[in-house]
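Naming convention: chains lettered A, B, ... in sequence-line order (proteins, then strands); numbering from 1 in each chain.
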Amino acid sequence: MPERRRGVTRRQVIAVGFTLLGLLIILGNFAELGVEPTVTTRLTFGIPNLVLELPTALSLILIGLVWLIAGVVALVPRLDRLGNWGLWSGVALILPAILIWAAAGKQTNAASLIGESLRLATPIALGALAGIYAERSGIINIAIEGMMLTGAAFGFAAFVFTGNIWFGVATAVMLGSVMALIHGVLSISLRTDQIISGTVINILAIGVTGYLRRQFIVDSSGGRVTLPQISVPLLSEIPIIGPLFFVGKPIFFTMVMLVLLTHVVLFYTRWGLRMRAVGENPKAADTVGINVIRTRYLNLALSGAIAGLGGAWFSLETVGSFDDGMTAGKGFIALAAMIFGKWTPFGAFGGASLFGFSEALGIRFQILNVEVFDVPVPTQFLQLLPYLVTMVVLAGLIGRAVGPAAVGKPYDKQ
Amino acid sequence: MAVEGRTPEPAQPAGFRAFWARYSPLFVPILAVITALIVGAVIIGITGGDWLAAYIGLWQGAFGSPRALANTVIRSTPYIICGLAVALAFKSGLFNIGAEGQLYAGAMCAVVIGTTLKLPPILHIPMGIVAGAVGGAAWAAIAGILKARTGAHEVINTIMLNYIALRLTDWLIRSRQPLLLGDPLDTSSSRTPFIAESMRLPNIRLGETTALHAGILMAIILVFLVAWFLNRTTIGFELRTSGTNPNAAKYAGISVPKTIVLAMVLSGSLAGLAGAGEVMGVRYAVSTDFISGVGFDAIAVALLARSNPIGILFSGLLWGALLTGARLMQVRAGISIDVIRIIQALIIMFIAADQIVRWMYRIPQRKPGEEVLISKGWGG
């Protein structure tokens with residue numbers, strides 16, 4: 001519904017937001033300026049002897065000034081280019097500002113925060129990729145959550161029974177696919193409403209995984225072993241970037257490669273072109289000889305496999321056990337990341353990073369014991385941060401993000 | 001002269017077949033349940049359980065004694081009311097997965113009224129009910145307004161609101177500094193204080209037990225109220241029209257964004273009522289493990305009844321019976337309660353894709369145009 005509302009553009013809303021935020025921060029920190037001893041924030045970057053020591057109040061006031069100026073400039077008509085620059089630099093300053101504020105009087109590692117964000121973004125990015133494969137071929141996949149949960153549970157069960165963790169990962173991938181095929185039979189062949197069919201998968205996943213856990217895994221002692229850490233030779237030696245991108249666990253690396261691969265597949269291969277054709281205009285695709293039903297089934301199975309891998313991230317890469325509902329809504333957040341990224345792999349990865357960051361930030365706040373109005377921020381608030389960010393992102397972007405045209409409609413060859 | 005131009009009646013196949021071809025579509029939900037139970041039995045058998053003992057246990061646990069029956073009815077009440085909530089949204093073209101969050105919001109509001117005010121029951125009970133409805137309505141309105149204003153899909157937003165409601169409730173109950181809604185006397189800090197006696201729903205005697213509370217009466221009244229509202233009022237008509245055909249609704253002068261918000265508010269107020277009912281009739285407080293998974297269950301209940309309010313009364317009872325009987329089933333057959341979840345999922349699967357059931361029992365397939373279609377992509 002791209003309706004223009006009351007002549008106020010999104011850009012103006014953002015500009016006003018920055019202006020107010022800038023004013024608020026300047027006023028809030030002004031009183032602290034002359035106070036001795038000066039409160040400082042020490043930022044480290046994972047390199048020995050590199051500590052950036054900033055006076056907290058002064059730095060925040062400077063950032064506030066940038067926001068204020070950027071906001072005001074963006075409100076002036078005919079200064080579009082300058083305004084854009086200002087707004088983007090304002091956005092870039094959000095992360096440093098939060099860190100400087102949260103770690104006032106303390107020391108914190110800025111580089112590792114980014115690393116943690118990327119790790120936490122892994123299942124969300126995988127889920128978003130799963131969403132892209134399904135939706136680009138015209139199937140709404142609200143069942144990513146259920147596929148992840150199934151992958152997490154069965155992957156872990158396979159690991160417990162065979163003792164081979166890689167077999168566990170393979171099982172997770174396979175079971176994700178199986179769930180996707182059930183979704184496919186319901187929504188493609190039987191032409192059930194795709195959201196209802198997805199909801200069925202989600203409920204089925206809760207039941208099957210709970211049954212599996214209580215009946216079979218409950219007191220098997222095989223937990224707490226996770227996938228091994230890998231560091232890429234040479235590249236992992238690079239300061240800052242090395243430990244961030246080239247040291248990690250296998251599913252994380254697979255995720256990064258899948259993002260690149262999906263981009264190539266989607267936009268540079270015949271398969272990707274067919275997938276997009278089927279998602280945009282199945283009738284036309286059918287006319288030129290593309291098998292719509294088969295394309296949809298294949299891509300949905302692939303979507304399930306990727307979601308299953310995302311599930312394995314929970315049980316086999318991070319926690320080392322399986323709990324009921326351990327995916328905790330990540331599958332739905334992944335859908336929001338996909339919409340955020342306008343159904344493109346890189347965009348979805350960006351969205352996933354944003355959600356991963358909001359989660360990492362919550363954990364960091366807990367460690368730093370951040371206080372607002374002299375009361376520590378409740379952990380529950382930090383836990384609900386990713387869900388809140390999801391809603392804000394959806395509300396802010398969905399009007400402008402347009403999905404594949406045929407998504408949600410069963411295909412009828414007549 | 002000319003014989004009257006009446007076309008001859010098409011030859012009706014006689015007997016049972018004709019009867020089956022004509023009336024069998026009505027049995028689809030029942031057959032779906034039976035089929036799901038059969039598949040469930042197979043699953044129990046394959047995984048090494050005794051399915052017959054399990055099902056006998058299930059039956060006796062749900063209906064075997066007045067006490068069991070009372071427990072079943074108590075357990076069913078929130079599912080019936082939340083099922084109504086989902087059905088009302090369905091009819092308006094919205095998919096409300098947020099019944100759980102709305103139920104929590106309603107329950108918390110009822111607790112606030114129940115622990116702070118001192119009133120005679122005749123005032124206190126209605127106050128609690130209204131508070132529950134308002135709480136649920138407010139929580140659902142967030143998703144409704146976001147959908148109407150920005151087009152953000154209610155499926156994701158209501159799920160996110162569920163998680164947020166759970167975290168907020170957890171905070172309100174557990175926070176000690178400042179003390180919010182937690183009970184200072186409760187050492188594990190896992191629940192709110194109990195509500196005043198004057199706001200508790202009266203009990204109903206059933207056999208030798210008095211556990212049954214008046215909440216079920218509220219549920220039955222709501223069933224008929226919703227049925228009347230949807231089918232006999234102008235607003236109900238507008239909601240249904242914008243649900244089935246938003247374009248036609250727009251041309252008929254119905255404001256679709258307004259009906260979206262209204263539908264969510266009404267749906268949420270029902271779910272909130274369910275929460276208030278649980279507080280006032282069963283638990284008298286909200287604990288951190290209050291009620292879980294009701295969001296998805298409510299969808300199942302509504303789907304099973306094809307969003308028909310009267311049908312929801314029965315599908316809600318079925319849901320409550322399955323969950324209540326599961327305990328005895330677990331004792332008798334030694335299999336996990338979760339098998340019930342699988343059976344429930346199978347029930348919805350067979351309902352959602354009723355072609356399977358229709359094909360199995362030789363029921364005529366639905367004609368084109370009779371399918372439910374609510375997913376029209378993400379853009380609203």
With a cut-off of 3.5 Å and sequence neighbours excluded, list every side-chain donor-acceptor pair involving residues 340-350 of chain B.
from	atom 1	to	atom 2	distance (Å)
B:Arg341	NH1	B:Asp297	OD1	2.9
B:Arg341	NH1	B:Asp297	OD2	3.0
B:Arg341	NH1	B:Gln344	OE1	3.3
B:Arg341	NH2	B:Asp297	OD2	3.4

Step-by-step side-chain contact (heavy atoms from CB on, under 4.5 Å) determination, A:Met391 to B:Ile156: CA-CA 8 Å; A:Met391 291 181 65; B:Ile156 293 181; over 6 Å; no

Determine all donor-acceptor pairs shorter than 3.5 Å in which one atom belongs to a side chain in residues 380-389 of chain A; sequence neighbours excluded.
from	atom 1	to	atom 2	distance (Å)
A:Gln380	NE2	B:Asp170	OD2	3.0
A:Gln383	OE1	B:Arg167	NE	3.3
A:Tyr387	OH	A:Ala328	O	3.0

Pairs of heavy atoms under 4.5 Å with chain A: top-ranked of B:Ile159, B:Ile299, B:Leu303, B:Ile356: B:Ile159

Option that, when pairs with chain A are counted at under 4.5 Å, heavy atom only, ranks first among B:Leu146, B:Val339, B:Ile97, B:Ile43: B:Val339

Between CG on residue A:Asp324 and CG on residue B:Asp338, distance to nearest 0.5 Å: 6.5 Å

Distance, nearest 0.5 Å, that separates CG of A:Leu190 from CH2 of B:Trp359: 11.0 Å

Which atoms of B:Leu166 approach chain A - backbone, side chain, both or neither, heavy atom under 4.5 Å: neither

Heavy-atom neighbours of A:Arg276 CZ exceed 12 at 6.0 Å: yes

Chain B contact via A:Ser197 - which portion, at a heavy-atom distance below 4.5 Å: neither

B:Ile164 portion near chain A, given a 4.5 angstrom heavy-atom threshold: both

